[in-house]
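Worksheet for the structure shown next.
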Amino acid sequence: MLNISAIAAFQDNYIWLLTNNNQAVVVDPGQAAPVQKVLAERNLTLAAILITHHHHDHTGGVKTLAAQWPEAAVYAPAKEPLPINTAIAVDEGDRVSLPALDLDFEVMATPGHTLGHIAYYEPNGTKGEPLLFCGDTLFSGGCGRLFEGSPQQMYDALSRFSQLPENTRVYGTHEYTQANLAFCYAVEPNNQALQQYMQQVAKWRQQGIPSLPSSIGRERAINVFLRADIPEVKAAMQNRAGAELTESVEVFAALRRWKDDF
Ligand SMILES: [Zn+2]
């Protein structure tokens with residue numbers, strides 16, 4: 001049976017570990033050591049590595065892990081420098097089949113945070129819940145900074161995520177949730193779902209429990225970056241801008257700019 005757990009890395013990164021029997025896959029191993037430790041402790045065989053984008057905190061462990069596990073396939077974005085020469089370049093529309101774990105991912109191009117950023121979507125997932133490994137595109141309560149792409153690109157990527165089934169589990173790669181929710185609250189202080197979720201996350205974090213994965217349904221209810229078309233969000237941003245924002249992408253761009261300095 002598929003099991004998914006978080007391996008903590010750096011200050012606030014999560015390396016997602018997927019296991020089925022003794023077979024394992026890791027997503028965005030920025031460090032090798034914490035992954036090696038878990039694989040050894042649990043007597044797991046590394047079958048594959050999935051990479052969402054080229055940033056070092058997502059790829060730094062690939063060389064070491066690939067050297068230790070030469071059979072493991074490494075999948076990485078086709079439009080970015082590959083983390084190792086033998087990596088398999090994938091992009092929009094490609095599939096990543098991992099029969100060892102009974103998983104079959106669809107690759108989505110999600111430019112914005114970086115230009116070649118990709119996400120891995122498994123529509124059948126587990127227990128009827130689809131899985132989305134979205135790197136630094138979507139966080140709980142937030143989205144990635146626009147280091148390389150445009151607001152329109154990120155808005156389009158998030159709009160596609162927003163249309164996935166509500167019970168899709170969302171595996172972002174950073175524990176940024178509490179800071180993100182403080183920003184959402186500044187935009188939408190009357191959002192009751194947001195208020196309840198803030199209390200829930202505060203409890204989890206006090207107990208050292210990751211706030212991820214989230215779900216598409218939850219993010220649509222609380223994450224202002226998926227709510228640029230909601231009248232309250234639009235009104236708040238027009239107030240702040242002192243100007244009319246006609247398109248939802250303009251609301252989104254204003255949110256992203258504000259969050260950059262929040
Ligand atoms: Zn990044």
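FYI, side chains are in, hydrogens and waters are out, and symmetry mates aren't considered; it's all heavy atoms of this structure. Atoms within a ligand are numbered from 1 in the order they appear, just like the ligands themselves. Small disclaimer: the values here were computed from a predicted structure and weren't measured.
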Note to self: Before you tell me yes or no, could you show the steps for Val74 and Ile88 under side chain to side chain contact (heavy atoms under 4.5 Å, CB included), namely the whole-Å CA-CA distance, both residues' side-chain angles and the distance that decides it to 0.1 Å?
What the structure shows: CA-CA 6 Å; Val74 179; Ile88 301 163; over 6 Å; no

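The name of the N, O or S atom in His113 nearest to the Zn ion (ligand 1) is NE2. In terms of distance to the Zn ion (ligand 1), the nearest N, O or S atom of His55 is named ND1.
The distance from atom CZ of Phe161 to atom CZ of Arg220, rounded to the nearest 0.5 Å, is 14.0 Å.
With the Zn ion (ligand 1) as the vertex, atom OD2 of Asp136 and atom NE2 of His53 span an angle of 90° (nearest 10 degrees).
We find that Glu232 and Arg227 are not joined by a salt bridge, their nearest charged nitrogen and carboxylate oxygen being 4.0 Å or further apart.
Checking side-chain atoms of Asp28 against main-chain N and O of Gly135 turns up no donor-acceptor pair under 3.5 Å.
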